[in-house]
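A short worksheet on the structure shown next.
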Amino acid sequence: MTTTPYPPELLRDVEKRRTFAIISHPDAGKTTLTEKLLLFGGAIQLAGTVKARKSARHATSDWMEVEKQRGISVTSSVMQFEYQGHTINLLDTPGHEDFSEDTYRVLTAVDAAVMVIDAAKGVEAQTIKLLNVCRLRNTPIITFVNKLDREVREPFELLAEIEDVLKITCAPVTWPLGMGKAFRGVYHLLQQQVLTFTPGEERRSDGEIIKGLDNPELDKRFPLEVGQLREDVELIDGASPPFDLDDFLAGKQSPVFFGSGINNFGVQEILQSLIDWAPPPQARDGGTRMVQPAEPAFTGFVFKIQANMDPKHRDRIAFFRICSGRYSTGMKVKHVRAGRDMKLANVLTFMANERVIMEDGVAGDIVGIHNHGQLQIGDTLTEGENLGFKGIPYFSPEMFRAARLRDPLKSKQLQKGLQELGEEGAIQVFELEGGQMLLGAVGVLQFEIVAQRLKDEYKVDAIFEPADIHTARWLTFPDDVTRRNFEREQALRLGKDIDGNPVYLATSRYNLEVTAEKWPKVMFHATREHG
Ligand code: GDP
């Protein structure tokens, strides 16, 4: 082994970073788990902090409410806390109504994800979508099967469903001892001990442990449940692969934990697995070369832009993931796309529920940069090198609206507004033949926010009408002749995205299939990378 070329202090700090997100279907228990994780990290003193935000998220129609909710979620978009000498960055992925492209893009900025499954419901729609996004980068997934204190489904059945639907191998690490009213705890398959559960009591590190599956203490304490546990463990030994770190890191296998978030049971094991198994920041594709996290030169990319509290100031926060080097206050960096320098002053970091001025950050950390539109999603900042980080995707929208003006004289402003909001990533904008503007989103809230921002920031009163579009596909052609022929035949279904790339706008799944079949050499892509 040669000695490492990287500054040892930087390397040490990078190795201590864990940057992850929690993915789940609404109501599976993400908020509850977040709160308990923060409690362990000492980041919040009282439960309830995260809940306050949650109740705000149901108001969607009123702009002030949206702003408020957006504002609050700016502070809780990233929660940094310390645990066992590690610095943990937990990135929030909004659920439900405020589900948008942001959610997807946040997943490009993490190194691991915790997937929460409601044990009564199993794999749900949004979990499938989010996991597919994680798969684009083979992000390692830790699974938490939640709500074991309720009457839930058979654990083997749940694992089979996860494997079947999500196409990821499950390696159980803990296994439930009883469930519902008779939930007594979990057996830790690697440590070969039972962690007992007492309803209504939060479990901290000093909870009771019974060592060994054959321990007569188990027969004495849990005579009705222990027989099933022993049978299950025998079955697991035959049916499930043991936990394999390499398979986990490759995104092929997920360690599975059972517990009850609300009772703080099983939560510490999740945190421990993040520290023990989840990867520290990895090398990233900088376009021209791989960028190692402990390289001394500062680099990173913008993965999300959020409008700030005060719409009058058009102030936005760009969420930026550091990929290498060390951030220092007031440092000068190169904005590669714009080809000019900028100074990073007043950069924010996010400590649980408050914003503080960032002083020091390394790979894996997320910083918030105030900007007035100069930064876009996918932008790379460096200390001079011309890099362009890859892998921050646009996703094919799932809802479409046609933009129509109340005052036709304002079409220039509408165009400008949509161009800017599209570049910022608030919405996807497509231009059809004849100049009509079509908006695409993955969450309906995106339309509301864009309509309101057009009014406030661009003084444009636009109506968004339902459009008869099912999905969009980015096109690539094998040669110019094919492109021209395709364009001629499909003129009515063609549009351009904000960067001028050709897009096929399908009226139905059938329409897409028929066209794709007819044009086998034309590629139809459901995602496109920024830049
Ligand atoms: P989110 O929508 O995924 O953020 O879910 P929440 O954390 O808000 O949880 C949804 C509901 O499930 C809330 O009413 C929680 O109190 C409840 N919940 C969360 N964890 C548990 C659990 O372990 N057991 C039970 N019985 N309920 C839970």
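Counting starts at 1 for both ligands and their atoms, in listed order.
When each atom of ligand 1 is checked for a heavy atom of P26 under 4.0 Å away, the hits are 2 (O). Taking a cut-off of under 4.0 Å to the non-hydrogen atoms of S24, the atoms of ligand 1 that pass are 3 (O). For ligand 1, the atoms sitting less than 4.0 Å from at least one non-hydrogen atom of K30 are 1 (P), 3 (O), 4 (O), 5 (O), 7 (O), numbered in the order shown with element in parentheses. Atoms of ligand 1 lying under 4.0 Å from any heavy atom of S260, numbered from 1 in the order shown and given with element: 22 (C), 23 (O), 24 (N).
Contact annotation: for D149 versus ligand 1, heavy atoms closer than 4.0 Å belong to the side chain alone.
Annotation: G259 places no N or O atom under 3.5 Å from an N or O atom of ligand 1; distance criterion only. For ligand 1, the polar-atom distance check finds an N/O of G261 within less than 3.5 Å of one of the ligand's N/O atoms. Note: no N/O pair closer than 3.5 Å links N263 and ligand 1 by distance alone. Checked against a 3.5 angstrom limit, the closest N/O atoms of G29 and ligand 1 fall inside it.
R473 and T471 share a side-chain donor-acceptor pair at under 3.5 Å.
Contacts of A451 classified as side chain to side chain contact (heavy atoms under 4.5 Å, CB included), with partners at least two apart in sequence or in another chain: F464.
Expressed to the nearest 0.5 Å, how far CZ of F20 lies from CG of L271 amounts to 7.0 Å.
Applying the ring-ring contact (aromatic ring centres under 6.0 Å, His included) test to residues at least two apart or on different chains, the pairs with a partner in residues 154-181 are F156-W175, W175-F258.
Residue contact check for ligand 1: N146 places a non-hydrogen atom closer than 4.0 Å to it.
The cationic atom of R401 (NZ for Lys, CZ for Arg) lies less than 6.0 Å from the six-membered ring centre of F447 and within 45° of the ring axis.
A salt bridge links D111 and R321; the closest N-O separation between the charged side-chain nitrogens and carboxylate oxygens is under 4.0 Å.
Under a 3.5 Å cut-off, the side chain of D379 and the backbone N or O of Q376 do form a donor-acceptor pair.
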